[in-house]
Trainee: 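Below are the structure tokens for one structure; questions will follow.
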Amino acid sequence: MTAETLMEDIDGLLDVWVDGWAGCRGYSVERVGAFPAVDRDDTVKAREFFAVDPSAEDFATLAQHTREVPGRLLTVLTRDPQKYLALGDSEGLFLNSTSESMMIVDMDTQDTEDPWLPDDDLEVSYTVVDGSHRAEVRAGDVVAASGRVFVTNGTVAVFDQIVTHDDFRRRGLGSFIMKSLAARSFEHPVETGLLLASADGRLLYSHLGWQEVCAVVMFSSTEQKPADI
């Protein structure tokens, strides 16, 4: 699927992204009516529901499912976040995050070759776990940076959990991980890349040619610290 196609069909984009994101983390995807859902057993220990610009009626239904169990999450992709902030408040949900964005890239613009590590004191390793390609940079016993990518729908690479240790920031490791994962993804006929970007990550990804698709608003059934997405 091309980036242009997914930009025009955000509902389809959500389904593809959820499948790839779940693949990165080993989750199983189910559907609640028309909406995808996953059980996040390894992190927040609760179910998360997803929707793109749901109607007020659909949002109310999803909010009801979310409120049924403490810690459940509802994540909405939208180009009108203020609308859902108001709906979340009226449905008794707690706002978890408004800082993420969905981002996309045409993989033809990305490097196909493995990058060079920026420092000689670092080592990189690659593994594949249940189809999820993982890259990890270490400085001795410390994980300096890491990330994952999963190819879904045959042609869409979903990147996830791109993390750089605080002590190793501004050394080019975020770019290194992204380029390394891109090279892994080219083992498949990928056309498009997707990821959910934090506020801090958007600058890096924009520098690498990614563009924002829409805002992401996350709600919870209980008041809590921002979710580890």
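All of these numbers come straight from a predicted model, not from anything done at the bench.
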Trainee: Shortest non-hydrogen contact from S220 to T66?
Mentor: C-CG2, 4.4 Å
Trainee: Considering non-hydrogen atoms only, spot the tightest contact between G147 and L181 and give its length.
Mentor: C-CD1, 3.6 Å
Trainee: Under 4.5 Å between side-chain heavy atoms, counting indirect links through other Ile/Leu/Val/Met/Phe/Trp/Tyr residues: same cluster for V149 and M103 or not?
Mentor: yes
Trainee: Given side-chain contact (heavy atoms from CB on, under 4.5 Å), test E30 with R47 step by step and report yes or no.
Mentor: CA-CA 10 Å; E30 300 180 15; R47 173 159 285 202; 2.8 Å; yes
Trainee: State, yes or no, whether a side-chain contact exists between V151 and V158 at a heavy-atom distance under 4.5 Å.
Mentor: no
Trainee: Rounded to the nearest 0.5 Å, what separation is found between the NE2 atom of H65 and the CZ atom of F35?
Mentor: 9.0 Å
Trainee: Testing the basics here: between S175 and L204, what is the closest heavy-atom pair and its distance to 0.1 Å?
Mentor: OG-CD1, 3.1 Å
Trainee: Any non-hydrogen side-chain atom of V142 less than 4.5 Å from a side-chain atom of F168?
Mentor: yes
Trainee: Is there a salt bridge (Lys or Arg N to Asp or Glu O under 4.0 Å) between R31 and D15? Walk through the geometry before answering.
Mentor: CA-CA 10 Å; R31 297 198 80 83; D15 286 338; 3.4 Å; yes
Trainee: Would you find a donor on one side and an acceptor on the other, under 3.5 Å apart, between the side chain of S180 and the backbone of A135?
Mentor: no
Trainee: So, taking the atom named CD in E223 and the one named CG in L93, what distance separates them when rounded to the nearest 0.5 Å?
Mentor: 12.5 Å
Trainee: When rounded to the nearest 0.5 angstrom, what distance separates OG1 in T98 from CZ in F219?
Mentor: 9.5 Å
Trainee: I'd like a table of donor-acceptor pairs (distance under 3.5 Å, sequence neighbours excluded) in which one partner is a side-chain atom from residues 73-88, with atom names and distances.
Mentor:
from: T75; atom 1: OG1; to: E48; atom 2: OE2; distance (Å): 2.5
from: T78; atom 1: OG1; to: D53; atom 2: OD1; distance (Å): 2.5
from: T78; atom 1: OG1; to: D80; atom 2: N; distance (Å): 2.8
from: R79; atom 1: NE; to: V213; atom 2: O; distance (Å): 3.2
from: R79; atom 1: NH2; to: V213; atom 2: O; distance (Å): 3.4
from: Y84; atom 1: OH; to: D53; atom 2: O; distance (Å): 3.4
from: Y84; atom 1: OH; to: P54; atom 2: O; distance (Å): 2.6

Trainee: Is there a chain of hydrophobic side chains (I, L, V, M, F, W, Y, each step under 4.5 Å between heavy atoms) that links L13 to M7?
Mentor: yes
Trainee: For residues 97-129, pull every pair meeting ring-ring contact (aromatic ring centres under 6.0 Å, His included), keeping only residues two or more places apart or in separate chains.
Mentor: none
Trainee: Are F49 and V217 joined in one hydrophobic group, where the rule is that I, L, V, M, F, W and Y side chains link up if heavy atoms are under 4.5 Å apart?
Mentor: yes
Trainee: Which residues pass the ring pair (Phe, Tyr, Trp, His ring centres under 6.0 Å) test with H188, sequence neighbours left out?
Mentor: H133
Trainee: Between D119 (side chain) and L122 (backbone), is there a donor-acceptor pair under 3.5 Å?
Mentor: no
Trainee: Would you say T155 and T192 make side-chain contact, with heavy atoms under 4.5 Å?
Mentor: no
Trainee: Examine distances only and state if a side-chain atom of S221 and a backbone atom of G71 form a donor-acceptor pair shorter than 3.5 Å.
Mentor: yes
Trainee: Does D58 offer a backbone N or O that forms a donor-acceptor pair with the side chain of S55 under 3.5 Å?
Mentor: yes
Trainee: Would you say the ring centers of W17 and F159 fall short of 6.0 Å from each other?
Mentor: no
Trainee: Are there more than 12 heavy atoms of other residues, nucleotides or ligands under 6.0 Å from atom CD of E187?
Mentor: yes
Trainee: Decide whether S101 and E212 meet the rule of one side-chain donor and one side-chain acceptor closer than 3.5 Å.
Mentor: yes
Trainee: Report the distance from atom CG of D130 to atom SG of C24, rounding to the nearest 0.5 Å.
Mentor: 11.5 Å
Trainee: What I want to find out is whether R138 reaches E136 closely enough, with some N-O distance under 4.0 Å, to be called a salt bridge.
Mentor: yes
Trainee: L203, L173: one ILVMFWY side-chain cluster at the under-4.5 Å cut-off?
Mentor: no
Trainee: Sequence neighbours left out, what pairs pass ring-ring contact (aromatic ring centres under 6.0 Å, His included) with at least one residue falling in residues 136-156?
Mentor: none
Trainee: Could you check whether any side-chain N or O of R148 sits under 3.5 Å from a backbone N or O of R134, counting only pairs where one atom can act as donor and the other as acceptor?
Mentor: no
Trainee: So which pairs with a foot in residues 105-115 pass side chain to side chain donor-acceptor pair (under 3.5 Å), sequence neighbours left out?
Mentor: D114-R184
Trainee: I'd like to know if F50 and M1 are part of one continuous hydrophobic network [Ile/Leu/Val/Met/Phe/Trp/Tyr, side-chain heavy atoms within less than 4.5 Å].
Mentor: yes
Trainee: R25 and salt bridge (charged side-chain N to carboxylate O under 4.0 Å, His left out): which partner among D39, D160, D19?
Mentor: D160
Trainee: Hey, does R67 have a side-chain heavy atom less than 4.5 Å from the side chain of E91?
Mentor: yes
Trainee: For residues L196 and M102, determine if any side-chain heavy atom of one lies less than 4.5 Å from a side-chain heavy atom of the other.
Mentor: yes
Trainee: With side chains defined as the heavy atoms from C-beta onward, is the minimum distance between L195 and M178 less than 4.5 Å?
Mentor: yes
Trainee: Measuring from atom CZ of R72 to atom CG of L62, what distance do you get when rounded to the nearest 0.5 angstrom?
Mentor: 11.0 Å
Trainee: Answer yes or no: are there more than 12 heavy-atom neighbours, outside D121 itself, under 6.0 Å from its atom CG?
Mentor: yes
Trainee: Going by the rule ring pair (Phe, Tyr, Trp, His ring centres under 6.0 Å), which residues pair with F176 if we only count those two or more places apart in sequence or in a different chain?
Mentor: none
Trainee: Hey, are Q64 and T61 close enough side-chain-wise for a donor-acceptor pair under 3.5 Å?
Mentor: no
Trainee: Any side-chain heavy atom of V105 sitting closer than 4.5 Å to one from M107?
Mentor: yes
